[in-house]
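Every chain is numbered from 1, with letters handed out A, B, ... down the list of sequences. Just so you know, these numbers use all the heavy atoms, side chains as well, and skip hydrogens, waters and symmetry mates.
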Number of protein chains: 4
Amino acid sequence: MRHRDDNKKEAIIEATIHLVNEIGFASCSISKIAKRARVSPATIYVYFTNKEDLIVSTYVEIKKSMGVALTKDYDPSLPIRDRLWRFWTNTFTHISRYPQHFFYSEQFSNSPFTSLVKSEELDTYFDPLHSTVRSGIEQKIIKDVPHDVLAVFMFYPILLLANHKFCTTFESSDDQIRLAFDMAWDAIRL
Amino acid sequence: MRHRDDNKKEAIIEATIHLVNEIGFASCSISKIAKRARVSPATIYVYFTNKEDLIVSTYVEIKKSMGVALTKDYDPSLPIRDRLWRFWTNTFTHISRYPQHFFYSEQFSNSPFTSLVKSEELDTYFDPLHSTVRSGIEQKIIKDVPHDVLAVFMFYPILLLANHKFCTTFESSDDQIRLAFDMAWDAIRL
Amino acid sequence: MRHRDDNKKEAIIEATIHLVNEIGFASCSISKIAKRARVSPATIYVYFTNKEDLIVSTYVEIKKSMGVALTKDYDPSLPIRDRLWRFWTNTFTHISRYPQHFFYSEQFSNSPFTSLVKSEELDTYFDPLHSTVRSGIEQKIIKDVPHDVLAVFMFYPILLLANHKFCTTFESSDDQIRLAFDMAWDAIRL
Amino acid sequence: MRHRDDNKKEAIIEATIHLVNEIGFASCSISKIAKRARVSPATIYVYFTNKEDLIVSTYVEIKKSMGVALTKDYDPSLPIRDRLWRFWTNTFTHISRYPQHFFYSEQFSNSPFTSLVKSEELDTYFDPLHSTVRSGIEQKIIKDVPHDVLAVFMFYPILLLANHKFCTTFESSDDQIRLAFDMAWDAIRL
DNA sequence: GATGAATGAGTGTTCATTCAT
DNA sequence: CATGAATGAACACTCATTCAT
């Protein structure tokens, strides 16, 4: 018996991401994905139970790798602001490197598929962010508002700035990234 | 000859918006919309040249009415911060009143259809925002960064906060709205 | 009460012929014809009971005008061969002048609509041909075979030769027309 | 994996031919063909890329088998007239055996689809005809006119005579076939 | 007479999925 | 494991025709 070919699974996921980038979510069909990944449509059903599973799994994969990238050099001994700065720049670097992954997750987040993701499964990857924010609040450095409100000013801006559909003028130069971070920091700091 | 029934066109647009809210953009088909609007699928093609036209037109309609709502009590004699505050609260009020319109435009913005909107056509509706930001910068009240970067901290946050998919804890109470505005203001003010 | 507008009826028929030439029989729809004729689809139903009627009537119109053209200078006092020669050249002249009509009738003849034409209605227009052939046989100048077999060699060749789909090399020069007539004459003469 | 069922492809082609005979080219839809062939409409797209491909392929298939039938006993050592006689009778035999194929190709030839056939692909099947005509001309037995003009008198008459829409009186008796051949021969011989 | 609105039935085609190999 | 064949259901869209004006 042959083993499951992880290359094949990965090829399918990569094909999904690229196709979504090229033709959009709605026009993305199993057969097109199969053609792009150079496998048979039936093969996709070896690795995923159905289209929904493929699309959600692809998202989860993207989010996981993003979580890993964000927190790769997490150092709880650093000051709050420096820790946040690292998250900020790591996010930018990661998005710049994998813009297609970013675009996919943007489309996914605004689709009804979102509700199918078990968020606990992903949350652990972003624990360092939560810890940092939590201690920031405890140390009276950061405003004492719910985490998701803070996220609106500290993390979503990166996604918006990196998205050329929304921000046509923003260039990911070091200067601009630092400037935007200062704005985010001004928003959340006490 | 029968005369054109504007109610019918509106019914089609409303059906589109509601369906997108219920089943999402991708699964939204002409025949489902027709059923929802209680017209024949063929009738949709009397009012719109094709599906794309229907979807884009619906978005434009939503955006226009949003623009009108935002700027309805625009008063250029007010201080910058007060003007922004009005935009902020108007947006919240409008989104709370028409959450479905809001959800539709969120999905639309993250779809490949976005590129089909002639943005100039809509821009005029949001001119007061641009003027306000511009004079804020001139008066050295607001940071001198590109408008879309400012928007990331001043306008998109409202959309995110109002979106219960992203912010599960945020309640649109007056207190919270004011608090969030303060954060936005801290981000952009000099 | 307005009178029936013959211009309008004619415009519809002309539009039908031209459209068939451009996009073919199968793709020819009432609404396209209406657009081409600059009338409303509903107007077509003022002049024709349905699509079938329109298509058959158009064919009949074409055939009638062809019959008239063929026999316009019919002179029963001329010798058989000269009479046939006039039919022959008249046909060529007419087809060259109205190639679109010719193409339409070719498509029509090979469709199941043909069976709907009351051939007697048209036959009278071609009586001179039949008389000529009949006296040719009686005078032992033409072979004594059924008229439609004679037609296969004396009349259809013109249609085929004039049809550039079948005959790519045939040029309607006087020489070639005379040469082809000689061949036809050789086939049927005793 | 299931293996491709050639019977299925043939069934689709046969269904196409028969339907065209029954209801005509224009009203022939994919779903009707599918129903006739007892397959799903989708299955047709396994074997043909689209409707056009199906229709053209069907024609090419018919033409090929006709070419083979015409030239099956081709013998270049026979006299010109005898060779032509064989083509003539072979054509008649073939058309009588497969009248539906004949009717299909007549309809096809007068449709806009004709232009899609790569004629070179088919020409080779009819090479013996061209050789025969060519040597007939060289030997000064046949008139020195373009091949397609000769075809108008030597080959198309068969199609017309066999077509009961055009020739209602012609019976495919040996006598009549021989008589018609004599007429054709008179037309082209020197 | 003339028309644009309106539609049920149909178009060609693609879909997600299953099946047999 | 891997696949091309096969399909019912759905897709966006157009059809010929009728209706109210």
Side-chain angles (χ1 to χ4, degrees), chain A residues 1-6 8-9 26-34 38-55, chain B residues 1-6 8-9 26-34 38-55, chain C residues 1-6 8-9 26-34 38-55, chain D residues 1-6 8-9 26-34 38-55:
Chain A
M1 183 188 84
R2 283 181 239 164
H3 287 285
R4 278 200 181 194
D5 185 348
D6 272 346
K8 222 151 232 171
K9 182 170 185 178
S27 340
C28 222
S29 76
I30 289 283
S31 65
K32 284 177 191 162
I33 293 169
R38 298 169 180 278
V39 299
S40 160
T43 305
I44 291 179
Y45 288 84
V46 173
Y47 296 96
F48 305 92
T49 57
N50 53 28
K51 194 189 178 185
E52 187 180 295
D53 181 30
L54 165 60
I55 281 170
Chain B
M1 148 186 109
R2 292 186 208 164
H3 48 274
R4 196 175 259 246
D5 185 351
D6 272 343
K8 215 152 241 169
K9 182 169 187 179
S27 345
C28 219
S29 76
I30 288 283
S31 69
K32 285 176 191 161
I33 293 170
R38 296 169 181 280
V39 298
S40 160
T43 304
I44 292 179
Y45 290 86
V46 172
Y47 296 92
F48 304 92
T49 55
N50 53 30
K51 194 188 180 185
E52 184 181 297
D53 181 32
L54 165 60
I55 281 170
Chain C
M1 184 188 86
R2 282 182 239 167
H3 287 284
R4 278 200 182 194
D5 185 350
D6 273 347
K8 222 150 232 169
K9 182 170 187 179
S27 340
C28 222
S29 76
I30 288 283
S31 66
K32 284 177 192 160
I33 293 169
R38 297 168 180 278
V39 299
S40 160
T43 305
I44 291 178
Y45 288 85
V46 173
Y47 296 97
F48 305 94
T49 58
N50 54 29
K51 195 189 179 185
E52 187 181 293
D53 182 31
L54 164 61
I55 281 170
Chain D
M1 156 188 101
R2 292 185 207 163
H3 46 276
R4 196 176 260 248
D5 184 352
D6 273 343
K8 215 151 242 171
K9 182 168 187 178
S27 345
C28 221
S29 77
I30 288 282
S31 69
K32 285 175 191 161
I33 293 169
R38 295 170 182 279
V39 298
S40 160
T43 305
I44 292 180
Y45 289 85
V46 173
Y47 295 93
F48 304 93
T49 55
N50 53 29
K51 194 189 180 186
E52 185 181 296
D53 181 32
L54 165 60
I55 280 170

Do the side-chain N or O atoms of [X] get closer than 4.0 angstrom to the phosphate oxygens (OP1, OP2) of [N]?
X: D:K9; N: F:dA5; value: no
X: A:S31; N: E:dC15; value: yes
X: D:K32; N: E:dG10; value: no
X: B:K51; N: F:dC11; value: no
X: A:Y47; N: F:dA2; value: yes
X: A:S29; N: E:dC15; value: yes

Pairing string of DNA chain F (Watson-Crick or G-U wobble, both atom distances under 3.5 Å; | = paired to other strand) is .||||||||||||||||||||
Length of the line joining [X]:[atom1] and [N]:[atom2], which is rounded to integer Å:
X: D:I30; N: E:dG12; atom1: CD1; atom2: P; answer: 6 Å
X: D:K8; N: F:dG4; atom1: NZ; atom2: P; answer: 18 Å
X: B:R38; N: E:dA6; atom1: CZ; atom2: C1'; answer: 17 Å
X: A:I44; N: E:dT17; atom1: CD1; atom2: P; answer: 10 Å
X: D:D53; N: E:dG12; atom1: CG; atom2: P; answer: 14 Å
X: D:E52; N: E:dT11; atom1: CD; atom2: C1'; answer: 16 Å
X: D:N50; N: F:dC11; atom1: CG; atom2: P; answer: 22 Å
X: D:L54; N: E:dT13; atom1: CG; atom2: C1'; answer: 13 Å

Heavy-atom pair of closest approach, residues [X] and [Y]:
X: D:P41; Y: D:S31; result: CG-CA, 4.5 Å
X: B:L54; Y: B:I33; result: CD2-CD1, 3.9 Å
X: A:Y47; Y: A:D53; result: O-OD2, 4.5 Å

To the nearest 0.5 Å, what is the distance between CG (A:N50) and CD1 (A:I55)? 9.5 Å
A:V39 or D:V39, whichever maps to the more 5' nucleotide of DNA chain F: A:V39
[X] side chain: which of [options] is closest?
X: A:T43; options: F:dT7, F:dA5, F:dT3; answer: F:dT3
X: A:V46; options: F:dT3, E:dC15, E:dG8; answer: F:dT3
X: C:A42; options: F:dT17, E:dT3, F:dT14; answer: E:dT3
X: D:S40; options: E:dG12, E:dT7, F:dG8; answer: F:dG8

Checking all strands, does B:F48 fall into the base, sugar-phosphate, or nothing category for heavy-atom contacts under 4.0 angstrom? nothing
Need to verify one output field. Residue with the more 5' nearest nucleotide on DNA chain E, D:Y45 or C:P41? C:P41
Min side-chain heavy-atom separation D:V39-D:V46 under 4.5 Å: no
